[in-house]
Protein chains: 2
Amino acid sequence: MQIGELAKRTGCESETIRYYEREGLLPAPARSSSGYRRYEQRHLEQLAFILHCRSLGMPLADIRLLAGFHQQPAAEPCDRVNALIDQQISRVHSQIEALQRLEQQLLLLRARCDSPHTLADCGILKTLDDAASGDACACHDTP
Amino acid sequence: MQIGELAKRTGCESETIRYYEREGLLPAPARSSSGYRRYEQRHLEQLAFILHCRSLGMPLADIRLLAGFHQQPAAEPCDRVNALIDQQISRVHSQIEALQRLEQQLLLLRARCDSPHTLADCGILKTLDDAASGDACACHDTP
DNA sequence: CTTGACCTTATAGTAGCTACAGGGTTTGCA
DNA sequence: TGCAAACCCTGTAGCTACTATAAGGTCAAG
Ligand SMILES: [Zn+2]
Ligand SMILES: [Zn+2]
Ligand SMILES: [Zn+2]
Ligand SMILES: [Zn+2]
């Protein structure tokens, strides 16, 4: 199958497929006489593997490692697989916590402006300006 | 003050300060005879404003707009300020929701491997491989 | 025989920095 | 006076994971 069909079947754009090939995530397929890429079933599966991992937010470097475990002797322990997933879980978890703090801060800031008024009187702008001068701010300095 | 002192006072690296100047967020300061940047109090405050907004996750483009409101007539309504903050809140909120879904999926996947064993028997790898072949997976297809 | 839908490579852009390389300047100390 | 450390300058390239061109080659239908 050509790149366009692989793209349609996986929902991944042709350019992204070529990008994955350049990055060494997808093996280079055979070419037709005119230079077109010709993919087979195994490429479809490999790409599906990559996209599935991507949908879990895994970075490409980790996916490369995960895919590499297929070439390893099957009797090896799987602890490095777990480590990758655990790392990803903790990355995601700390991102969530950081974003939740951020949301709280933004909501506190937003609460400074509740009625329609002018720029001169806007509690949001005022808070930001005061904080820039070194004053305590509603968003960060909540005792 | 020189760039290094501004950097130390704000906790922002010199290169980042120069970057903000290039990006038009920080006005270009006067230069000494040898070409060194010489900052004044207003630069300190402007940079603090930028860093405060950055700490709320605001993109530079929005910070540029927010800073621009100081040049606007003070009698204008503040609704565009609010709109920027509201946009940021909803961005952050949807990021949180997406990451929480991700975390659930990762935990489900992680649960497939609970005891030490080999790559051949690893429930994580098996789940990923099966999903690549089109099977339902623990992480995404939870009915 | 031409039109349109494919395909190819190479290059540059996105956000927000960060890290050089390759220089000039200033300050302090022997 | 000489020299080294600690500053500063510009310009460029790197990071992630794509995305979007530009400029061209190929193939099937009408
Ligand atoms: Zn307001
Ligand atoms: Zn604040
Ligand atoms: Zn396992
Ligand atoms: Zn899944």
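Throughout, protein chains are lettered first and strands after them, A, B, ... in sequence-line order, and every chain is numbered starting at 1.
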Nearest heavy atoms of [X] and [Y], plus distance in Å:
X        : Y        : result
B:Ala138 : B:Thr127 : N-CG2, 3.9 Å
A:Ala132 : B:Ala48  : O-CB, 3.5 Å
A:His70  : B:Asp129 : NE2-OD1, 2.7 Å
B:Leu109 : A:Leu56  : CD2-CD1, 3.8 Å
B:Phe69  : A:Leu119 : O-CD1, 3.9 Å
A:Thr118 : B:Ala74  : CB-O, 3.4 Å

Taking only Lys NZ, Arg NE, NH1 and NH2, and the carboxylate oxygens of Asp or Glu, determine whether A:Arg112 and A:Asp130 approach each other closer than 4.0 Å.
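Answer for the salt bridge query: no.
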Rounded distance in Å - [atom1] ([X]) to [atom2] ([N]):
X       : N      : atom1 : atom2 : answer
B:Tyr39 : D:dC7  : OH    : P     : 16 Å
A:Ile3  : D:dG25 : CD1   : P     : 20 Å
B:Met58 : C:dG16 : CE    : C1'   : 15 Å
B:Leu25 : C:dG16 : CG    : P     : 9 Å
B:Ile17 : C:dG16 : CD1   : P     : 17 Å
A:Leu26 : D:dA17 : CG    : C1'   : 15 Å
A:Glu21 : C:dT9  : CD    : C1'   : 12 Å
B:Ile50 : C:dA15 : CD1   : C1'   : 15 Å

Applying side chain to side chain contact (heavy atoms under 4.5 Å, CB included) to A:Arg37 and A:Gln2, what does each step give before you reach the verdict?
CA-CA 6 Å; A:Arg37 288 172 179 81; A:Gln2 292 192 163; over 6 Å; no
Does a side-chain N or O from [X] land closer than 4.0 Å to OP1 or OP2 of [N], or not?
X       : N      : value
B:Arg31 : D:dT10 : yes
B:Arg37 : D:dC8  : no
A:Arg18 : C:dT9  : no

Applying side-chain hydrogen bond (donor to acceptor under 3.5 Å, both in side chains) between A:Glu45 and each of A:His43, A:Gln41, A:Arg42, report the one that passes.
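Considering A:His43, A:Gln41, A:Arg42, a side-chain hydrogen bond (donor to acceptor under 3.5 Å, both in side chains) with A:Glu45 is found only for A:Gln41.
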Using a heavy-atom cut-off of under 4.0 Å over every strand shown, decide if B:Gln2 touches base, sugar-phosphate, or nothing.
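Counting heavy atoms under 4.0 Å across all strands, the contact made by B:Gln2 is with sugar-phosphate only.
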Just say parallel, tilted or perpendicular for the rings of B:His140 and A:His52, cut-offs at 30° and 60°.
tilted
Which of residues 88-106 of chain B have a heavy atom under 4.0 Å from DNA chain D?
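The answer is none.
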Set out, line by line, the N/O atom pairs under 3.5 Å between protein and nucleotides 26-29 of chain D.
unit_1	atom_1	unit_2	atom_2	d
D:dT26	O4'	A:Tyr36	OH	3.3
D:dC27	OP1	A:Ser34	OG	3.3

Point-to-point distance, once rounded to the nearest 0.5 Å, from OG of A:Ser32 to CZ of A:Arg38:
6.0 Å
Go through the structure and list residues passing salt bridge (charged side-chain N to carboxylate O under 4.0 Å, His left out) with B:Asp79, not counting sequence neighbours.
none
B:Arg9: what forms a salt bridge (charged side-chain N to carboxylate O under 4.0 Å, His left out) with it, not counting sequence neighbours?
B:Glu5
Tell me if a side-chain donor or acceptor on A:Gln88 pairs with a main-chain N or O of A:Gly57 at a distance below 3.5 Å.
yes
Rounded to 10°, tell me the angle between the two end axes of the helix from C:dC1-D:dG30 to C:dA30-D:dT1, each built from five pairs.
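Inter-axis angle at the ends, rounded: 30°.
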Listed pairs, N/O of protein and of nucleotides 17-20 of chain C, under 3.5 Å:
unit_1	atom_1	unit_2	atom_2	d
C:dC17	OP2	B:Tyr20	OH	2.7
C:dC17	OP2	B:Arg54	NE	2.9
C:dT18	OP2	B:Thr16	OG1	3.2

